[in-house]
Structure formats: C-alpha cells, structure tokens
Amino acid sequence: MRTGRRARASMTSRFEGLSMTRRTIAGWCFGLGAVPLVPQGIVAASFVAGGTVRHSWFLATYMEPGLRYPVAGGFILLGLAMYGAGYWAVRPAVTRRDPR
C-alpha cells in the first residue's frame with residue numbers, strides 16, 4: 001500500500017551463505033539421512049525384534065540371524081552420521097581466539 005508500513009526484511013536461510021560444496025553436502029545429508037535411519041534402521045530393528053522376518057525391502061531381514069541387529073544398528077549409525085554431517089555443513093564457522 002502506498003501509505004502503509006514498510007515490509008520487514010525477510011528471513012534468510014542458512015543455505016544462502018554457504019559455499020556450493022557445503023550446500024551440496026547439507027542437501028544430500030538432510031535429504032537422504034532419513035532413509036538409513038528410519039526404514040532401514042529403526043523399522044527394520046522393530047521388525048526383527050517382533051519376529052516379522054519376511055523378506056521385504058529391509059536389508060536386515062535378509063541377513064543371518066546373528067547379523068540382523070548389527071546391520072540395523074549400522075544403518076541407524078549411518079543415518080545419524082548423515083544428519084551430523086549435514087549439521088556440520090550448515091553450522092557457522094568458529095573463529096579462534098588468541099590464547100594470550
């Protein structure tokens with residue numbers, strides 16, 4: 001409007017100030033981190049714990065009985081590591097202080 005208030009500055013994204021490499025890393029990690037964490041890790045572990053070992057698309061159900069939980073745990077760790085790497089890519093740079 002002509003006589004109304006000025007529009008406030010829009011909120012900027014953390015992705016705008018990143019280099020292309022960090023932006024790509026963060027995009028891949030945040031975009032695909034849920035796949036190993038939730039379906040291949042948490043859901044597969046709950047299927048194995050419940051005794052539902054039908055061969056579906058969960059990799060842990062195809063493993064030998066002694067390897068099912070470690071495979072599901074590995075996928076959980078992979079998903080958490082991907083989210084951690086995505087967080088590392090978007091966190092602000094830390095400036096070092098002079099130790100004097």
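Here the structure is a predicted model, which is why all the values come from computation and not from measurement. Residues: numbered from 1 along the sequence shown.
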[X] and [Y]: same hydrophobic cluster, using ILVMFWY side-chain contacts below 4.5 Å?
X   : Y   : value
F47 : F75 : no
W57 : L32 : no
L67 : L78 : yes
I76 : Y83 : yes
I42 : V71 : no

Check M82 against P36 and note the closest heavy-atom contact, atom names and distance.
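The pair with the smallest heavy-atom distance is SD-CG, 3.9 Å.
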Minimum heavy-atom distance between I25 and A85, given as atom pair plus value:
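Smallest interatomic distance, heavy atoms only, reads CG2-O, 4.3 Å.
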Show, in sequence, the C-alpha distance, side-chain angles and deciding distance for F30 and V90, and conclude whether the side chain to side chain contact (heavy atoms under 4.5 Å, CB included) test is met.
CA-CA 11 Å; F30 287 135; V90 298; 4.2 Å; yes
[X] side chain to [Y] backbone, donor-acceptor under 3.5 Å:
X   : Y   : result
R68 : V48 : no
Y62 : S56 : yes
R22 : W88 : yes
Q40 : L59 : yes

Decide yes or no for F58 and P39: does some side-chain heavy atom of the first lie under 4.5 Å from some side-chain heavy atom of the second?
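Result yes, sub-4.5 Å side-chain heavy-atom pair found.
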